[in-house]
Amino acid sequence: MTLRTTTTIVALGVTALLAGPGLQYVAAQAPKASVAIFDGKTLSGWHKPQGVPPDYRGGKWDVIDGALVGDQDPPGMGGFLVTDKIYRDYIIEFDVNLDEPADSGVFLRMGEDGKNHQLTLDNDQNKKFGDVYLSWGRETVHEAPEGKKHFRQGAWNTVKIQIQGEPARIRFWLNGVAVTDFQHTAETTSGVPKEGRIGLQIHAGKDWSTGSKVRFRNIRVTEL
C-alpha cells in the first residue's frame, strides 16, 4: 500500500485538504463585515460608565444632525460615552470634528474601572493626535508628533484605528496618513484589560475648553 503525501490545494477561496483516502473541503474564512455602531439618530448601544473615577462621570452626549456630540456638563466637567458591547481585536473607523480648543480621544479595551488604551485627539494647546496613553496607568507610552500636521481644523477628519493581539499592536491613521504603529510589550500594557468597551471622551477644562464640543459620525467596527 502506497502512502500519498498530504497535498493542500487552494482555489477560488476553498481549501481542499487531501489526507489518505478521505478528501475534506474547508471553506476559506471570509473577512468579517464592517458594522455601524452608531445609528446616527439615537444613543442606542451606548451608555455613560459609572465605574470610572467620580471626576470623569460628567459630560453630556446628544445626537445632532447625524453626529454624536459631546459637551461638558456641568461646565468644566467632562466624561465618557462607551459601547454596551465588549470588543477585543478590531478596526474602528469614524469621522471626527473638534472645536478648538477641545480635548478628546478614543478609548480601546476600556475596563469597568476606566483603564484603557487611549488614542489622543487633543485639539488643545498641545495638539496631540495619535499618541498612545494609558489612563490611570502608565500614561503616555508612545508619542506621535507628526499627527498634528494631518489634522484639518474646522472640518471633518477621517480616523482609522486598529488594535490586535496581546500585547496589542495599535495603528492609527488620520485622513489616510499612517501616523502611529506601536507594538506594546507585556510591561507597557500592564494593567489594561485584554478586552473591553470602546469609549469616546469630552475632557474637563474650566478655563480653556468650556463650551467646546466634540463630534463623531459614521462610526463603524470590523472585528478581527
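- His150 pairs by the ring pair (Phe, Tyr, Trp, His ring centres under 6.0 Å) definition with nothing, not counting sequence neighbours.
- Closest heavy-atom contact between Gly147 and Val179: CA-CG1, 3.7 Å.
- The distance from the CG atom of Asp103 to the OG atom of Ser212 is 10.0 Å, given to the nearest 0.5 Å.
- Proximity of Phe38 to Ser44: side-chain heavy atoms (C-beta onward) are nowhere separated by under 4.5 Å.
- With Lys48 contributing its side chain and Lys60 its backbone, the two residues share no donor-acceptor pair below 3.5 Å.
- Each salt bridge (charged side-chain N to carboxylate O under 4.0 Å, His left out) pair with one or both residues in residues 178-190, not counting sequence neighbours, appears once here: Arg138-Glu187, Arg169-Asp181, Arg171-Asp181.
- Atom OG1 of Thr180 and atom CD of Glu146 lie 10.5 Å apart (nearest 0.5 Å).
- In this model, no donor atom of one side chain and acceptor atom of the other lie less than 3.5 Å apart for His184 and His142.
- Using a 4.5 Å heavy-atom threshold, the side chains of Gln118 and Gln201 count as touching.
- Residues His117 and Thr189 form a side-chain contact, since some pair of their non-hydrogen atoms from C-beta on lies under 4.5 Å apart.
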Q: Take Leu134 and Val192, measure what side-chain contact (heavy atoms from CB on, under 4.5 Å) needs, and give me the verdict at the end.
A: CA-CA 8 Å; Leu134 277 59; Val192 181; 3.6 Å; yes
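- Side-chain contact between Pro167 and Gln183: present, with at least one pair of heavy atoms (C-beta onward) separated by less than 4.5 Å.
- Cluster annotation: Ile91 is not connected to Tyr87 through the hydrophobic network of ILVMFWY side chains, with a link wherever side-chain heavy atoms come within less than 4.5 Å.
- Val52 belongs to a hydrophobic cluster whose remaining members, ordered by chain and number, are Tyr56, Phe80, Val82, Phe107, Met110, Trp136; membership requires side-chain heavy atoms of ILVMFWY residues under 4.5 Å apart, directly or through intermediates.
- By the 4.5 Å heavy-atom criterion applied to side chains, Asp95 and Asn157 are not counted as neighbours.
- Among residues two or more places apart in sequence or in another chain, the side chain to side chain contact (heavy atoms under 4.5 Å, CB included) test is passed with Glu195 by Ile86, Arg88.
- Contact check for Phe94 versus Val106: side-chain heavy atoms found under the 4.5 Å cut-off.
- Of all the heavy atoms in Pro193 and Lys115, the pair that sits closest is CD-O, 3.8 Å.
- Atom CG in Asp124 sits 10.5 Å away from atom OG in Ser104 (nearest 0.5 Å).
- Partners of Lys213 according to the salt bridge (Lys or Arg N to Asp or Glu O under 4.0 Å) rule, which considers only residues two or more places apart in sequence or in another chain, are Asp71.
- Atoms CG and CG, on Leu81 and Leu43 in that order, are 6.0 Å from each other to the nearest 0.5 Å.
- Counting only heavy atoms from C-beta outward, the side chains of Leu119 and Leu108 approach each other to under 4.5 Å.
- Residues Tyr90 and Trp46 share a single hydrophobic cluster, defined by chaining ILVMFWY side chains whose heavy atoms lie under 4.5 Å apart.
- Looking only at atom types and distance, the side chain of Asp84 has a donor-acceptor partner in the side chain of His47 under 3.5 Å away.
- Rounding to the nearest 0.5 angstrom, the gap separating the CG atom in Asp65 from the CZ atom in Arg217 is 10.5 Å.
- The two residues Ala168 and Ile163 come nearest to each other via the heavy atoms CB-CG1, 3.8 Å.
- Arg197 and Thr83 share no donor-acceptor pair across their side chains, judged by distance under 3.5 Å alone.
- When every heavy atom of Ala102 is checked against every heavy atom of Val214, the shortest pair comes out as CB-CG1, 4.2 Å.
- Counting heavy-atom neighbours within 6.0 Å of Lys127 NZ, excluding the residue itself, gives a total above 12.
- Residues Ala204 and Gly76 share a closest heavy-atom pair of CB-O, 3.2 Å.
- Between Asp99 and Arg215 a salt bridge is recorded (basic side-chain N to carboxylate O distance below 4.0 Å).
- Tyr133 is linked by a ring pair (Phe, Tyr, Trp, His ring centres under 6.0 Å) to nothing, counting only residues two or more places apart in sequence or in another chain.
- In this structure, CH2 on Trp173 lies 12.0 Å from OG1 on Thr158, to the nearest 0.5 angstrom.
- When all heavy atoms of Val96 and Val159 are compared, the pair lying nearest together is CG1-CG2, 3.9 Å.
- Electrostatic pairing of Arg109 and Asp89 counts as a salt bridge here, judged by a charged N lying under 4.0 Å from a carboxylate O.
- Between Ile198 and Ile37, some side-chain heavy-atom pair lies under the 4.5 Å cut-off.
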